[in-house]
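One structure below.
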Amino acid sequence: MVEIVNVIGSGLLDVEFDLERVAADIGSIAEYNPDKYPGMYLRFAEDAPLVTVYRTGKYIVTGADSEEEAYSIRKRLLNLLADNEMIPTSEDEWFRIQNFVCTAELGESLNLNALTIGLGLENTEYEPEQFPGLIYRPSGADCVVLLFASGRVVITGSRDLDVAKETFAVVQDEVSDILALD
DNA sequence: TACCTATGAACTTATATACCTGGCTTCT
DNA sequence: AGAAGCCAGGTATATAAGTTCATAGGTA
């Protein structure tokens, strides 16, 4: 069972913002400290995903629990800007999911040293003194899998949820084959 | 050698995972 | 006072973004 824990998306509005003014107009849900970071932060509610808006009109949504939530936050951003007459009307406007961060469970404790060998040294990184997880980059898959001795797994870097799910299924098979020989 | 351009990396945010360490508090 | 426990932060992963600073290379 692959569970989404974080969705990151980015988009473009075909306008240039004066973030100082935008932050002032929007009020307390906006936070802008150009000395610290060039983006303006926007959070609709305490536990809501974070939106980072840039001078160029580009923006990022981080911390969504689903693709739907990321899109609904984007819609709220568009509505908010429209209400404040910073209307981003353009054909160039776009938004896409850039990264799904997921967790999953293999249901058994893992011998990470055996897995490093079994999954292939060229595809794995395991330095327990540096980080307790095994970093696995399955060849061909455009995502990265972190495996922990507890059997818990993190799948990250995928733009497509189905890719993350398929990758986990493959890893699940590979791991059970390797551990059967161990 | 001096100056200019180009590249690249750190910064920030979210999030799970887990292991170590330092600092602080609490209990004996 | 010393031991024990707890909490926070650093370690690593992906990804977008703009700014800023460093370094590399090339040209004069």
Side-chain angles (χ1 to χ4, degrees), chain A residues 1-20 22-23 29-74 77 88 92-113 115-116 119 123-138 141-161 163-165 167-168 171-172 175:
Chain A
M1 185 62 196
V2 173
E3 246 180 281
I4 301 171
V5 294
N6 185 16
V7 178
I8 297 90
S10 65
L12 168 72
L13 302 168
D14 195 25
V15 280
E16 184 139 331
F17 292 117
D18 174 352
L19 295 178
E20 198 80 52
V22 175
I29 61 165
E31 205 182 309
Y32 181 50
N33 296 98
D35 293 339
K36 201 179 164 202
Y37 191 68
M40 176 193 74
Y41 298 124
L42 228 161
R43 204 188 294 269
F44 291 103
E46 201 177 322
D47 292 323
L50 179 76
V51 182
T52 311
V53 180
Y54 298 90
R55 176 189 57 78
T56 56
K58 291 186 180 178
Y59 64 99
I60 306 172
V61 174
T62 52
D65 295 325
S66 65
E67 185 169 351
E68 292 72 27
E69 192 184 21
Y71 274 92
S72 81
I73 288 293
R74 171 229 191 189
L77 173 70
D92 296 334
E93 187 261 340
W94 52 267
F95 181 77
R96 72 174 291 196
I97 302 299
Q98 302 287 0
N99 184 13
F100 281 98
V101 183
C102 307
T103 57
E105 288 243 14
L106 286 169
E108 59 181 324
S109 59
L110 308 175
N111 178 342
L112 298 183
N113 286 309
L115 283 181
T116 304
L119 292 170
N123 305 316
T124 58
E125 287 172 46
Y126 180 46
E127 289 173 59
E129 285 169 18
Q130 195 172 16
F131 188 71
L134 186 162
I135 298 149
Y136 179 38
R137 299 168 201 275
D142 67 343
C143 57
V144 174
V145 181
L146 309 185
L147 297 148
F148 297 88
S150 63
R152 278 195 260 267
V153 175
V154 174
I155 305 121
T156 187
S158 175
R159 283 187 158 83
D160 184 339
L161 184 56
V163 168
K165 288 178 175 173
T167 301
F168 176 66
V171 170
Q172 203 164 19
V175 168

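The structure displayed is predicted, hence computed values, not measured ones. Residue numbers start from 1 in every chain, and the chains themselves are labelled A, B, ... in the order their sequence lines are given, proteins ahead of strands.
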Expressed as a whole number of angstroms, how long is the span from [X]:[atom1] to [N]:[atom2]?
{"X": "A:Tyr41", "N": "B:dC11", "atom1": "OH", "atom2": "C1'", "answer": "9 Å"}
{"X": "A:Asp160", "N": "C:dA14", "atom1": "CG", "atom2": "P", "answer": "18 Å"}
{"X": "A:Leu147", "N": "B:dA16", "atom1": "CG", "atom2": "C1'", "answer": "13 Å"}
{"X": "A:Ile155", "N": "B:dT15", "atom1": "CD1", "atom2": "C1'", "answer": "13 Å"}
{"X": "A:Tyr37", "N": "C:dT19", "atom1": "OH", "atom2": "P", "answer": "10 Å"}
{"X": "A:Glu125", "N": "C:dA12", "atom1": "CD", "atom2": "C1'", "answer": "9 Å"}
{"X": "A:Leu110", "N": "B:dA18", "atom1": "CG", "atom2": "C1'", "answer": "13 Å"}
{"X": "A:Glu105", "N": "B:dA18", "atom1": "CD", "atom2": "C1'", "answer": "13 Å"}

Next on the checklist: Classify the ring geometry of A:Tyr59 against A:Phe95: parallel below 30°, tilted from 30° to 60°, perpendicular beyond 60°.
Outcome noted: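 Rings of A:Tyr59 and A:Phe95: parallel, under 30°.
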
Using a 4.0 Å heavy-atom cut-off across all strands, classify [X] as base, sugar-phosphate, or nothing.
{"X": "A:Arg43", "value": "sugar-phosphate"}
{"X": "A:Phe100", "value": "nothing"}
{"X": "A:Glu127", "value": "nothing"}
{"X": "A:Val154", "value": "base"}

Next on the checklist: Let's go through A:Phe17 and A:Val53 carefully: what are the C-alpha distance in whole Å and the side-chain angles of both, what is the deciding distance for side-chain contact (heavy atoms from CB on, under 4.5 Å) to 0.1 Å, and is it a yes or a no?
Outcome noted: CA-CA 9 Å; A:Phe17 292 117; A:Val53 180; 3.7 Å; yes

Next on the checklist: Using five pairs at each end of the helix from B:dT1-C:dA28 to B:dT28-C:dA1 to define an axis, what is the angle between those two axes, to 10°?
Outcome noted: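 It comes to 60° between the two terminal axes.
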
Measure from the side-chain heavy atoms of [X] and tell me the nearest of [options].
{"X": "A:Asn99", "options": "C:dT15, C:dT13, B:dC19", "answer": "C:dT15"}
{"X": "A:Ile8", "options": "C:dA14, C:dT15, B:dT13", "answer": "C:dT15"}
{"X": "A:Asn6", "options": "B:dA14, C:dT13, C:dT19", "answer": "B:dA14"}
{"X": "A:Val5", "options": "B:dT13, B:dT17, B:dT15", "answer": "B:dT15"}

Checklist entry - Could you give all pairs that pass the salt bridge (Lys or Arg N to Asp or Glu O under 4.0 Å) test and reach residues 123-137 of chain A, with sequence neighbours left out? => result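 Qualifying pairs: A:Glu125-A:Arg137.
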
Item to check | Identified side chain to side chain contact (heavy atoms under 4.5 Å, CB included) counterpart of A:Leu134 within the set A:Val145, A:Leu112, A:Asn113 | outcome: A:Leu112

Checklist outcome for this item: From the list A:Val101, A:Val61, A:Thr156, side chain to side chain contact (heavy atoms under 4.5 Å, CB included) partner of A:Ile8 resolves to A:Val101

Checklist entry - Less than 4.5 Å apart, any side-chain heavy atom of A:Cys102 and any of A:Val5? => result no

Report yes if a side-chain nitrogen or oxygen of [X] is closer than 4.0 Å to either non-bridging phosphate oxygen (OP1 or OP2) of [N]; otherwise report no.
{"X": "A:Arg159", "N": "C:dA16", "result": "yes"}
{"X": "A:Arg152", "N": "B:dA18", "result": "yes"}
{"X": "A:Thr156", "N": "B:dA16", "result": "no"}
{"X": "A:Gln130", "N": "C:dA12", "result": "yes"}

Item to check | Base of B:dA16 paired with side chain of A:Thr103 (donor-acceptor, under 3.5 Å) | outcome: no

Item to check | Members of residues 46-74 of chain A that approach DNA chain B, where some heavy atom sits under 4.0 Å away | outcome: A:Leu50, A:Thr62, A:Gly63

Item to check | Distance-only donor-acceptor check, side chains A:Glu3 and A:Thr103, under 3.5 Å | outcome: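 No donor-acceptor contact under 3.5 Å links the two side chains.
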
Checklist entry - So, the side chain of A:Ser158 versus the backbone of A:Leu161: is there a donor-acceptor pair under 3.5 Å, distance only? => result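 Answer holds: no.
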
Checklist entry - Is the side chain of A:Asn6 donor-acceptor paired with the backbone N or O of A:Gly63 at a distance under 3.5 Å, no angle test? => result yes

Checklist outcome for this item: Comparing A:Gly151 with A:Val101, nearest DNA chain B nucleotide closer to 5' gives the residue A:Val101

Next on the checklist: Taking A:Glu20 first and then A:Arg55, would you say they form a salt bridge - that is, a charged N and a carboxylate O separated by under 4.0 Å?
Outcome noted: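 Looking at A:Glu20 and A:Arg55, the cut-off is not met.
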
Checklist entry - Which heavy-atom pair separates A:Tyr136 from A:Val171 by the least distance, and what is that distance? => result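 Residues A:Tyr136 and A:Val171, closest heavy atoms: CE2-CG2, 3.8 Å.
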
Checklist entry - Mapping A:Pro132 and A:Cys143 onto DNA chain C by nearest heavy atom, which one lands closer to the 5' end? => result A:Pro132

